[in-house]
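Just below is one structure, and these are the notes that go with it.
Start at 1 and go down the list; that is how both ligands and their atoms are numbered. Since we're looking at a predicted model, the values are computed, not measured. Just so it is clear, the values below take in all heavy atoms, side chains as well, and ignore hydrogens, waters and symmetry mates.
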Amino acid sequence: MAPDLIAPSILSADFARLGEEVDHVLAAGADIVHFDVMDNHYVPNLTIGPLVCEALRKHGVTAPIDVHLMVKPVDRIIPDFAAAGATYITFHPEASEHIDRTLQLIRNEGCKAGLVFNPATSLSYLDYVMDKVDMVLLMSVNPGFGGQSFIPETMEKLRQARKLIDASGLEIRLEVDGGVKADNIGAIKAAGADTFVSGSGIFGKGRDSDPHRYDSIIQEMRQELAR
Ligand code: DX5
Ligand code: ZN
């Protein structure tokens, strides 16, 4: 199985000093930066766009940036995120009129492509596009806000997604997003996930500006993953 990746969601970071927050969480051992893009249309919240992604690159962030698009429509903004330095771009199938085309667009722009499944969205969207995805992202909360509780039905869905990915023989990451904390990350891994988004579970542990404030939480998550 692919190595586990811890992906802090900067949605819960201190935006007034975002570059420093990202530096510190990566120095603590996080692997990739999860970047939540919300448009107050597809989801009832408004966050950040390509400018902020580009600013993180200019600041010196070299880790992969995992752009989770919660916007509708999606195609118009994809080239902008590719130019801004996105590594992964994932989107919700309900937000695209032509899912196959959007997946191809992301890869043509030089990024890795992924589909995101809301708690009530069927995995059948994968049926005819498995060869065009690099990431399957299962939402374990309804998208729009950090700090919600993990929906337990996600566990069974993770097992189903893991089977589909293994049967495909393709190199596809299985990511989970929402309510992931040190106390459930081990069980989530056992259900098949290999990429773990955590917002409030990591940034909620921060106090003042101690550069090592995230060391212990990332370490604790690693220990739970290694069990
Ligand atoms: C929710 C976002 C998540 C969010 C997760 O729509 O996609 O990435 O930041 O936050 P926590 O880990 O606090 O549930
Ligand atoms: Zn997200």
Side-chain angles (χ1 to χ4, degrees), residues 4-15 18 21-22 25 28 30-50 52-53 56 63-72 74 77 81 86-95 106 111-121 133-155 157-158 161 173-189 193-206 214 217-218 220-221 224-225:
D4 298 324
L5 298 180
I6 296 178
S9 164
I10 58 173
L11 187 61
S12 291
D14 179 353
F15 277 108
L18 186 59
E21 287 271 75
V22 171
V25 85
D31 302 290
I32 69 181
V33 179
H34 186 79
F35 192 104
D36 288 304
V37 184
M38 305 186 187
D39 67 350
N40 186 39
H41 169 68
Y42 180 65
V43 290
N45 199 356
L46 185 65
T47 60
I48 47 178
V52 177
C53 185
L56 288 176
I65 297 182
D66 172 28
V67 173
H68 173 194
L69 293 180
M70 288 161 273
V71 305
K72 186 179 181 174
V74 287
I77 203 76
F81 271 106
T87 309
Y88 288 90
I89 300 179
T90 66
F91 65 98
H92 291 249
E94 298 90 342
I106 295 170
C111 299
K112 293 180 181 175
L115 275 182
V116 191
F117 296 83
N118 284 330
T121 301
V133 303
D134 302 290
M135 171 98 89
V136 170
L137 169 48
L138 300 195
M139 293 305 299
S140 36
V141 297
N142 288 291
F145 303 95
Q148 305 178 77
S149 306
F150 186 92
I151 295 174
E153 285 75 11
T154 312
M155 292 296 193
K157 203 172 176 186
L158 278 169
R173 290 222 149 250
L174 180 51
E175 185 174 44
V176 63
D177 183 6
V180 178
K181 316 262 177 201
D183 64 9
N184 61 7
I185 200 168
I188 292 166
K189 175 183 170 160
D194 57 27
T195 306
F196 308 87
V197 176
S198 180
S200 53
I202 293 175
F203 288 105
K205 304 282 175 183
Y214 302 122
I217 180 62
I218 300 284
E220 194 184 339
M221 286 182 165
E224 292 297 326
L225 290 171

query = What's the atom name of the N, O or S in D177 nearest to the Zn ion (ligand 2)?
reply =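 Of the nitrogen, oxygen and sulfur atoms in D177, the Zn ion (ligand 2) lies nearest to OD2.
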
request  = Measure from the Zn ion (ligand 2) to every N/O/S atom of H68 and report the name of the nearest one.
outcome  =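 It is ND1, the N, O or S atom of H68 closest to the Zn ion (ligand 2).
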
[X] heavy atoms, cut-off 4.0 Å: which ligand 1 atoms fall inside?
{"X": "H68", "answer": "7 (O)"}
{"X": "S200", "answer": "11 (P), 12 (O), 13 (O)"}
{"X": "G144", "answer": "1 (C), 6 (O)"}
{"X": "S198", "answer": "12 (O)"}
{"X": "M70", "answer": "6 (O), 7 (O)"}
{"X": "M38", "answer": "6 (O)"}
{"X": "G179", "answer": "11 (P), 12 (O), 14 (O)"}
{"X": "G178", "answer": "14 (O)"}

request  = Give a yes/no on ligand 1: does K181 have at least one heavy atom closer than 4.0 angstrom to it?
outcome  =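 Not so, K181 does not reach ligand 1.
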
Taking both backbone and side-chain atoms of [X], is any N or O found less than 3.5 Å from an N or O belonging to ligand 1?
{"X": "N142", "result": "no"}
{"X": "G146", "result": "no"}
{"X": "S9", "result": "yes"}
{"X": "P143", "result": "no"}

task = Please note down the angle at the Zn ion (ligand 2) between OD1 of D36 and NE2 of H34, to the nearest 10°.
result =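 With the Zn ion (ligand 2) as the vertex, NE2 (H34) and OD1 (D36) sit 90° apart.
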
Among all protein heavy atoms, pick out the one at the shortest distance from [atom]; state its residue, atom name and that distance to 0.1 Å.
{"atom": "atom 2 (C) of ligand 1", "result": "D36 OD1, 3.5 Å"}
{"atom": "atom 1 (C) of ligand 1", "result": "F145 O, 3.5 Å"}
{"atom": "atom 12 (O) of ligand 1", "result": "G199 N, 2.7 Å"}
{"atom": "atom 5 (C) of ligand 1", "result": "D177 OD1, 3.5 Å"}

ask   = Will you find, in the side chains of H68 and D66, an N or O donor that is under 3.5 Å from an N or O acceptor?
value =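 H68 vs D66: no donor-acceptor pair found between side chains.
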
message = Can you confirm whether the side chains of S140 and K157 place a donor and an acceptor under 3.5 Å from each other?
response =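 Side-chain D/A pair, S140 to K157: absent.
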
query = Got a donor-acceptor contact below 3.5 angstrom from the Q148 side chain to the N142 backbone?
reply =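 Pair found, side chain donor or acceptor close to backbone of N142.
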
ask   = Short question: side chain of N118, backbone of M139 - any donor-acceptor pair under 3.5 Å?
value =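 No, the answer is negative, given that no donor and acceptor are paired below the 3.5 Å cut-off.
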
